[in-house]
Protein chains: 2
Amino acid sequence: MSDDGQTRAEKLASEIADAILDGTFEPGSRLDEHMLAARYGTSRTPVREALRQLAATGLIDLRPRRGAIVALVTSDQLEVLFVAMGELEATCARLSALSMTPIERRRLEVLQDSMGELVAQNDVAAYTAANTSFHTLFYTGCHNPVISEMAIGLRRRLAPFRQAQFRAVGRLARSHAEHAVVVGAVLAGNASAAHAAMLRHVSLVEDAFEELRNVPA
Amino acid sequence: MSDDGQTRAEKLASEIADAILDGTFEPGSRLDEHMLAARYGTSRTPVREALRQLAATGLIDLRPRRGAIVALVTSDQLEVLFVAMGELEATCARLSALSMTPIERRRLEVLQDSMGELVAQNDVAAYTAANTSFHTLFYTGCHNPVISEMAIGLRRRLAPFRQAQFRAVGRLARSHAEHAVVVGAVLAGNASAAHAAMLRHVSLVEDAFEELRNVPA
DNA sequence: TGGGGAAATCTTGCATGCAATTTTAATTAA
DNA sequence: TTAATTAAAATTGCATGCAAGATTTCCCCA
């Protein structure tokens with residue numbers, strides 16, 4: 001089993017990334033090469049290659065001769081990351097308004113409608129899942145893998161900080177209403193309106209996160 | 001000499017990147033690990049780590065068990081890269097309009113004026129250099145290292161394809177006029193206008209590149 | 001003469017080991 | 001008790017070697 005064409009270093013990079021994102025390795029903790037090698041049953045060589053790959057994504061911090069630590073995101077950096085993701089998502093929406101195929105536009109419309117039903121049923125879990133699909137549609141719809149991969153990388157990195165954003169009352173309906181503006185602009189082919197609407201939407205999501213974050217620990 | 005706190009793999013990554021960008025290693029050519037190790041006087045281990053780092057930036061293509069090749073950018077990919085860079089630059093301008101400090105705004109103003117003189121003198125070389133400074137001001141001015149690093153990385157990657165864009169007649173004055181619109185919007189704190197103006201500017205630069213590229217080989 | 005297949009060669013992937021640097025601990029002096 | 005110094009331990013950086021997979025070469029057959 002296990003060998004699907006990927007090299008061990010690649011699988012390690014992905015597994016370590018998962019472990020970091022799901023909290024197994026806490027921010028700031030040292031990623032000892034021997035420890036990782038033992039944990040994943042390999043030698044240090046592929047571990048080192050994986051670490052270098054992860055360092056390039058910003059997930060870990062690789063200090064020469066001093067080892068790797070899980071990147072600790074300060075409050076400031078988190079702000080910067082959220083802003084960056086927002087801008088990228090807005091850009092995706094902008095390009096989607098210009099580049100989406102009729103089929104993609106139709107999919108967007110259908111998803112928006114079905115999410116409306118989820119709002120009516122107040123199904124938070126299903127809405128959260130659909131919300132991911134919603135944003136994914138723009139990643140593919142912008143037809144620019146360079147931008148979409150940047151956005152996906154950021155979204156992935158911010159995932160641990162985005163949980164439970166729809167818990168607050170009325171957030172579901174509000175999110176859906178904001179989506180409607182974005183969808184309308186994209187379907188109308190109005191690039192700048194799509195950009196502005198998506199930016200407003202994700203900024204509000206960020207605000208919701210802020211509220212969460214400022215709850216006394 | 002030689003040891004300035006950097007690890008060999010890091011220096012290798014930077015040296016190989018330079019060699020790729022200056023054309024020493026042509027797109028599509030194989031990057032043999034033994035060859036690289038011999039060329040830079042190390043063993044294969046740091047070479048492999050450097051290659052993994054470069055693969056993360058998209059500069060090389062690392063195919064499992066099949067070695068690394070210098071990423072060959074097709075015409076389509078180049079288009080995608082230019083669009084991505086344009087969008088990021090526009091985003092930088094947008095954020096700059098919101099976040100630049102008075103000092104940064106002043107610097108922008110001063111540079112814009114001095115570039116006007118270069119246009120009058122038709123000093124292409126100096127204008128080209130100043131143009132880099134101009135864009136760099138927005139990278140720092142957006143106050144978002146995540147976005148600016150993405151933009152810088154793209155600009156670096158596209159550098160080999162951007163040469164001589166000011167050769168065409170009248171391009172200098174036109175560039176400066178476009179800059180004026182961007183600067184005006186940023187100084188006025190008009191985010192969406194700054195975004196639109198920068199987007200228009202870089203799109204035109206891209207068009208100039210297109211003209212160059214379509215010259216029969 | 002051209003195509004298919006097997007063997008030889010080459011290249012990558014990974015483990016291991018050693019040297020160098022950093023980190024930790026211990027010991028001593030103030 | 002605390003700070004400084006030094007020695008020990010641990011950890012990283014890198015070279016080397018071998019095995020597995022890919023590539024090339026060569027030969028045979030149609």
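Below, all heavy atoms of this structure are taken into account, side chains as well, without hydrogens, waters or symmetry copies. Just so it is clear: chains get the letters A, B, ... in the order the sequence lines come, proteins before strands, and each one is counted from 1.
You'll find that the side chain of B:Thr45 is closest to D:dT16, out of D:dT16, C:dT22, C:dT16. The side chain of A:Arg65 sits closest to D:dT12 out of D:dA15, D:dT12, C:dT12.
A distance of 12.5 Å separates CD1 in B:Ile60 from CG in B:Leu72, rounded to the nearest 0.5 Å. Interatomic distance, B:Ser29 OG to B:Leu31 CG, rounded to the nearest 0.5 Å: 5.5 Å.
Of the residues in residues 46-57 of chain B, those with a non-hydrogen atom less than 4.0 angstrom from any atom of DNA chain C are B:Arg48. Listed in residue order, the members of residues 33-44 of chain A having a heavy atom less than 4.0 Å from DNA chain D are A:Glu33, A:His34, A:Arg44.
Not one side-chain nitrogen or oxygen of B:Thr7 sits closer than 4.0 Å to the OP1 or OP2 atom of D:dT12. Taking only side-chain nitrogens and oxygens, B:Arg8 comes nearer than 4.0 Å to OP1 or OP2 of D:dC14.
For B:Tyr139, there are no ring-ring contact (aromatic ring centres under 6.0 Å, His included) partners two or more places apart in sequence or in a different chain. Residues passing the salt bridge (Lys or Arg N to Asp or Glu O under 4.0 Å) test with A:Arg52 are B:Glu49, sequence neighbours excluded. Annotation: salt bridge (Lys or Arg N to Asp or Glu O under 4.0 Å) contacts of B:Arg107 (sequence neighbours excluded): none. Every residue meeting the side chain to side chain contact (heavy atoms under 4.5 Å, CB included) condition with A:Pro145, not counting sequence neighbours, appears here in chain and number order: A:Ser148, A:Glu149, B:Val80. Looking at residues two or more places apart in sequence or on another chain, you find a ring-ring contact (aromatic ring centres under 6.0 Å, His included) between B:His135 and B:His179, B:His201. Residues passing the side chain to side chain donor-acceptor pair (under 3.5 Å) test with B:Asp22 are B:Thr24, sequence neighbours excluded. For B:Arg106, the salt bridge (Lys or Arg N to Asp or Glu O under 4.0 Å) partners are B:Glu109, not counting sequence neighbours.
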What pairs of nitrogen or oxygen atoms, one from the protein and one from nucleotides 7-10 of chain D, lie under 3.5 Å apart?
none

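For residues 38-47 of chain B, the pairs satisfying side chain to side chain donor-acceptor pair (under 3.5 Å) are B:Glu33-B:Arg44, with sequence neighbours left out. Note on residues 88-101 of chain A: pairs passing salt bridge (Lys or Arg N to Asp or Glu O under 4.0 Å), not counting sequence neighbours, are A:Glu89-A:Arg155, A:Arg94-B:Glu87.
Here C:dT23 presents its C1' atom at 9 Å from CZ of A:Arg66, a figure rounded to the nearest Å.
Annotation: of the two residues near DNA chain C, A:Glu10 and B:Arg30, the 5′-most nearest-nucleotide partner is B:Arg30.
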